[in-house]
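Okay, so here's the structure we're looking at.
Counting starts at 1 for both ligands and their atoms, following the listed order.
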Amino acid sequence: MIAEPFWWDSAAPVRGDGVLPARADVAVIGGGLTGLSAALTLSRGGLDVVVIDGAALGAGASTRNAGFLSAELRRPLAALIERFGRARALAIAREARRAAAFLKALIDEENLDCTLHMSGRLVLACRPRHYHRLAEEARLESRLLGASVEMIPRAELESEIGSDLYHGAKLQAQCGVLHPGQLLRGLATRVREAGATLVSDNPVMSVRGARSRFLVTTRAGEVSAGRLVVATNGYSGRAVPYLRRRLVSLDVHMIATARLAPDRMRALLPQGRACIESSRIRRFFRASPAHDRLLFGGRASQRASVERAHRELASAMHAVFPQIRDVALTHVWSGRIALTGDGLPHAGERDGLHYVAGMNGAGIAMGPYLGHQVARGILKGRKPASPLLGTAGTRIPALAPLTRPLAPLVERYHAMRDWMERLR
Ligand SMILES: Cc1cc2nc3c(=O)[nH]c(=O)nc-3n(C[C@H](O)[C@H](O)[C@H](O)COP(=O)(O)OP(=O)(O)OC[C@H]3O[C@@H](n4cnc5c(N)ncnc54)[C@H](O)[C@@H]3O)c2cc1C
């Protein structure tokens, strides 16, 4: 069994070939999808950009995820309306749709070969009451957002999934699946072609300065930059305390099965859709791009060792699909997501430090979109109009100085809510 993402077999994270310059117009910290997207826009806008990553570019969540391209935010529309009021909630939900459209256009225009397939996504009801909740959500989404959603009752679920665990599903047509490793590599190539310097395996240790001059100290030296973009999301550490205080980072795990014969794979997911559960600690799964493996992911107990977390995940997979108990696992891996106090991604600027953070586990489209928006703001010298971009109301609420130790508590709270729902 390989303890690396399945995606890395065909598209490993990217090693930078650049040397840290003494000066740059903009330093981007974090070479995942978000940082690279910002770097592409900035470089094409004529600025001298250096992207710095502590590991290989993309070795964070960007090449460890499930590859679901979703037009949805993690928080359902009704919850957004309750919290922010109708007008702002709709603006935020539309922003998620714009993000998905942005990524699709980027893939198209930049010719990023990442096997994007608009498969649709099933949100699988884990309890009968979840089905009714999903149906209400579907009505609201199609009425207020014009979303293309359809409810599939339990009796008809057989044509969608080879499991009798679920009580129906909501089908979201505007979602797809892609190969995250290929997406990352393609984007890195375009950024390099645009003239940016890509530096990998060189962690940023500290950042000093403000407004128009920053001194970024890395393990291999210093760079002086006029502007700073921080795109470290779930991997945010001590270098930028402002972000670290506002994010709870959680480990999310994934496993891949050995190859399955085409008829066996078809019996599991006949339509090849992306699948996600309706519970709070959601498991998600899909077929590999060649439709010959099952990729299964989810959060496990945050205190568990990585090995135990992967075992927990394998038993969850077997509970959904007992018919593949005999199939070996070939890959196990984990990645880090960042949660925010209000469940929304945020982008903004503080004393000249630009940031994009808090994707809440759904940043494949939102990360690049917000990275691009922040970059446009820098180029134009003004804040772009987005409900997720640094207005006072969207500033990330500070959570605690020690957000990493909070992770098991957050996890336990969600597990308890799932457990209580089962009792009702
Ligand atoms: C298992 C899993 C499954 C997921 N599935 C999905 C999905 O299906 N759909 C979806 O939309 N989202 C999904 N996500 C979330 C998605 O992957 C992330 O939201 C997205 O990749 C975030 O991209 P990013 O560029 O902002 O951050 P990352 O890709 O995490 O990149 C952050 C980078 O910052 C670097 N860094 C951190 N600190 C420093 C430092 N001090 N100096 C230099 N570099 C530093 C890290 O090395 C890292 O490369 C999933 C996440 C995980 C973990």
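For Thr34, heavy-atom contacts with ligand 1 shorter than 4.0 Å involve the backbone as well as the side chain. With a 4.0 Å heavy-atom cut-off, ligand 1 is reached by the backbone of Arg336 but not by any atom from C-beta on. When non-hydrogen atoms are compared, ligand 1 lies under 4.0 Å from the side chain of Met254 (C-beta onward) but not from its backbone. When heavy-atom distances to ligand 1 are checked against a 4.0 Å cut-off, Leu57 has no atom that comes that close, whether in backbone or side chain.
Partner His354 forms a side-chain contact (heavy atoms from CB on, under 4.5 Å) with one of Val26, Leu228, Val229, Val28 and no other, that one being Val229. Shown are Met317, Arg293, His331; of these, the side-chain contact (heavy atoms from CB on, under 4.5 Å) with Ile255 is made only by Met317.
Here's the thing with Ala56: none of its N/O atoms is less than 3.5 angstrom from an N/O atom of ligand 1. Considering backbone and side-chain atoms together, Ala239 places no N or O closer than 3.5 Å to any N or O of ligand 1. Residue Ala61 has at least one nitrogen or oxygen atom sitting less than 3.5 Å from a nitrogen or oxygen atom of ligand 1, judged on distance alone. Where the criterion is an N or O separation shorter than 3.5 Å, residue side chain and backbone included, Val252 fails it with respect to ligand 1. Of the polar atoms of Met359, none of the N or O atoms is found under 3.5 Å from an N or O of ligand 1, judged by distance alone. Residue Pro203 places no N or O, backbone or side chain, under 3.5 Å from any N or O of ligand 1.
Protein heavy atom nearest atom 9 (N) of ligand 1, with residue, atom name and distance: Phe68 O, 2.9 Å. Atom 52 (C) of ligand 1 has its closest protein heavy atom at Ile337 CG2, 3.9 Å. Here the heavy atom of the protein found nearest to atom 1 (C) of ligand 1 is Arg64 O, 3.3 Å. For atom 14 (N) of ligand 1, the closest non-hydrogen atom of the protein is Gly361 O, 3.4 Å. Scanning the protein for heavy atoms near atom 42 (N) of ligand 1, the closest one is Val204 N, 2.8 Å. The nearest heavy-atom contact from the protein to atom 44 (N) of ligand 1 is Gly54 N, 2.9 Å. Protein heavy atom nearest atom 36 (N) of ligand 1, with residue, atom name and distance: Thr232 CG2, 3.6 Å. Scanning the protein for heavy atoms near atom 49 (O) of ligand 1, the closest one is Asp53 OD2, 2.6 Å.
A donor-acceptor pair is defined here as one N or O able to donate and one able to accept, closer than 3.5 Å; such a pair exists between the side chain of Tyr235 and the backbone of Arg336. Looking only at distances, no side-chain donor or acceptor of Asn65 sits under 3.5 Å from a matching main-chain atom of Ile364. Counting only distance, with no hydrogens or angles, the side chain of Thr218 and the backbone of Asn202 share no donor-acceptor pair below 3.5 Å. With hydrogens and angles disregarded, a donor-acceptor distance shorter than 3.5 Å links the side chain of Arg64 to the backbone of Ala59. At distances below 3.5 Å, at least one donor-acceptor pair connects side-chain atoms of Arg246 with backbone N or O atoms of Tyr242. Between the side chain of His117 and the backbone N or O of Gly176, no donor-acceptor pair lies under 3.5 Å.
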>> Applying ring-ring contact (aromatic ring centres under 6.0 Å, His included) to Phe285 and Phe321, what does each step give before you reach the verdict?
In response: CA-CA 11 Å; Phe285 42 93; Phe321 296 118; 5.4 Å; yes

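Heavy-atom contacts of Ile52 reach the following atoms of ligand 1: 43 (C), 44 (N) (cutoff under 4.0 Å). Of all the atoms in ligand 1, the ones that sit under 4.0 Å from a non-hydrogen atom of Gly30 are 33 (C), 34 (O), 35 (C). The ligand atoms of ligand 1 that sit less than 4.0 angstrom from a heavy atom of Ile29 are 42 (N), 43 (C). Atoms of ligand 1 lying under 4.0 Å from at least one heavy atom of Gly335, given by number and element, are 53 (C).
Val240 is not listed as a side-chain neighbour of Tyr355, based on a closest heavy-atom distance of 4.5 Å or more. Looking at heavy atoms from C-beta onward, Leu103 lies in side-chain contact with Leu178 at the 4.5 angstrom threshold. Put simply, the side chain of Pro76 does not reach to within 4.5 Å of the side chain of Leu134, judged on heavy atoms.
Of the candidates Ala100, Ala231, Ala99, the one placing a heavy atom closest to atom 32 (C) of ligand 1 is Ala231. Closest to atom 23 (O) of ligand 1 by heavy atom, among Gly363, Gly367, Ser62, is Ser62. One option in Asn233, Ile364, Leu243, Asn65 has a heavy atom closer to atom 2 (C) of ligand 1 than any other, and that option is Asn65.
Taking CG of Leu106 as the reference point, atom CG of Asn111 lies at 11.0 Å (rounded to 0.5 Å).
A salt bridge does not link Glu72 to Arg121: none of the charged side-chain nitrogens sits closer than 4.0 Å to a carboxylate oxygen. A salt bridge links Glu312 with Arg308: the closest approach of a Lys/Arg side-chain nitrogen to an acidic carboxylate oxygen falls below 4.0 angstrom.
Every heavy atom of Gly297 sits 4.0 Å or more from the atoms of ligand 1. Put simply, part of Gly67 is less than 4.0 Å from ligand 1, judged by heavy atoms. Using a non-hydrogen distance threshold of 4.0 Å, Ala362 registers as a contact of ligand 1.
The closest side-chain donor-acceptor pair between His372 and Thr41 falls under 3.5 angstrom.
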